[in-house]
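Counting starts at 1 for both ligands and their atoms, following the listed order. Every value quoted in this text rests on a predicted model; they were computed, and no experiment measured them. We use all heavy atoms of the structure for the numbers below, so side chains are in, but hydrogens, waters and symmetry mates are not.
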Amino acid sequence: MYTQAIDTDPQFVATQGAMRSVGATHASHDRLLASFDQRIANDEKIEAQDWMPAAYRKTLLRQISQHAHSEVVGMLPEGNWITRAPSLRRKAILLAKVQDEGGHGLYLYSAAETLGSSRAEMLDALLEGRAKYSSIFNYPTLTWADVGCIGWLVDGAAIMNQVPLCRCSYGPYARAMIRICKEESFHQRQGFELMLALCQGSEGQKQMAQEAFNRWWWPVLMMFGPPDADSVHSTQTMQWGIKRISNDDLRQQFLDATVPQAQLLGLSIPDSDLRYDDSSGHWQCGPIQWEEFWRVVQGDGPCNRERLNTRRIAHEEGAWVREAAQAYALKQAGQQAQALG
Ligand code: BYC
């Protein structure tokens, strides 16, 4: 058995309403839990209508809603450059990419809604600072090269993390991830191609690429989350088949894939301790400044306040769109009811 917790979620309590004795309820709960654990062990998908332990529902809701918030807040750093893209081609690519991120947020909010929370509740949690989003989006985009670094490095890191999530035990999340990963690979490639153009350009362009790379390198390594020893959720989420690969293992995969790409671009990696370990066949980086990571996660990064303020303003200014959509839906439903007699 993976879980011993007593389930107190409303869905479970409701299904148990007909049971007469507490003993019968416990026996039934144990059976449900045993069947859930067996399905996880068999690598079956859990669907929205299936029984699940309250803690499984809660952790999924936490992770998926945070992931959705990351996609939507993640539109802001690159969005800053849409009006300043250096050519029509670059502008079209950037517009499409930022729009994709908005779409990812929508798939993920929909997946999270299947767990019983409304989109309005999730957005309130974000705007009131109760929900997290990825630390990486609290860094600024000072030059055009930052747009390249986000695509190449941030989307590259996101793919490493998200491909295993396509095998997540919760069906709606896994299916959303399959669609998202297809788009992320275009995002990563356009970022690398942008960096390649800069690195093959003038001295000024090469310098701009190097400076942006220096700023993004360490925050991207932090994006995979704390070291495994400090990861509070990993053990349980891995047992439940939500997370398939640990934070440190994903960080290592990213390092091994990205160092040769940086070398190909002719960029120097801002880590004097970086070395290739012949015995393990892996790149090893120097110590990561985890105090910086926790400071950013706790709301004190370079752009935390700016990002949340921008989202709050967008939410307030977008109220009329939500109201109009609701009024239209009501009108359509009324017309349909009338047509049916
Ligand atoms: N930033 O126990 P741990 C994108 C928190 S967007 C902030 O290891 P877990 C893109 C963690 O939440 C893609 N907080 O947690 C969009 C926990 O705190 P709580 C974003 C972080 O969940 C636009 C605490 O630290 N990807 O690609 O097992 C443009 C302890 O951590 C971070 C996802 O969201 C962080 N980086 O593992 C371009 C992927 N890391 O919740 C690109 C889905 C950790 O207890 N999420 N924390 O208060 C995941 O895979 C996992 O949630 C994580 C963390 C690997 C991020």
The side-chain hydrogen bond (donor to acceptor under 3.5 Å, both in side chains) partners of Glu203 (sequence neighbours excluded) come to Lys206
Counting heavy atoms under 4.0 Å, the part of Asn247 that contacts ligand 1 is side chain
Query - Glu101 N/O to ligand 1 N/O under 3.5 Å - result: no
Note: Phe137, heavy atoms under 4.0 Å from ligand 1, region reported as side chain
Restricting to heavy atoms, the pick from Pro227, Gly102, Gly74, Ser135 nearest atom 35 (C) of ligand 1 would be Ser135
Nearest heavy-atom approach of Pro260 to Leu255 is CD-O, 4.4 Å
Under 4.0 Å between heavy atoms, the region of Val297 that gets near ligand 1 turns out to be side chain
Of His104, Lys97, Gln63, His67, the one whose closest heavy atom lies nearest atom 51 (C) of ligand 1 is Gln63
Legend entry - Ion pair Arg251/Asp248, N-O distance below 4.0 Å: yes
closest protein heavy atom to atom 32 (C) of ligand 1 is Phe293 CZ, 3.6 Å
Carboxylate-amine/guanidinium proximity below 4.0 Å for Arg189 and Glu193:
no
If you scan protein heavy atoms around atom 28 (O) of ligand 1, the nearest is Lys243 NZ, 2.7 Å
Value for CH2 (Trp152) from OG1 (Thr258), rounded to nearest 0.5 Å, stands at 7.0 Å
Taken to the nearest 0.5 Å, the spacing of Leu61 CG from Glu121 CD works out to 9.0 Å
Verify atom 20 (C) of ligand 1: protein non-hydrogen atom under 4.0 angstrom away
yes
Rounded to the nearest 0.5 angstrom, the CE-CG distance for Met223 and Leu250 is 11.0 Å
- Query: Would you say atom 56 (C) of ligand 1 has a protein heavy atom nearer than 4.0 Å?
  - Reply: no
Atom 13 (C) of ligand 1 has as its nearest protein heavy atom Gln162 OE1, 3.5 Å
If you compare Glu184, His233, Met222 by their heavy atoms, the one closest to atom 17 (C) of ligand 1 turns out to be His233
Counting heavy atoms under 4.0 Å, the part of Val296 that contacts ligand 1 is neither
Among non-hydrogen protein atoms, atom 42 (C) of ligand 1 lies closest to Asp155 OD1, 3.5 Å
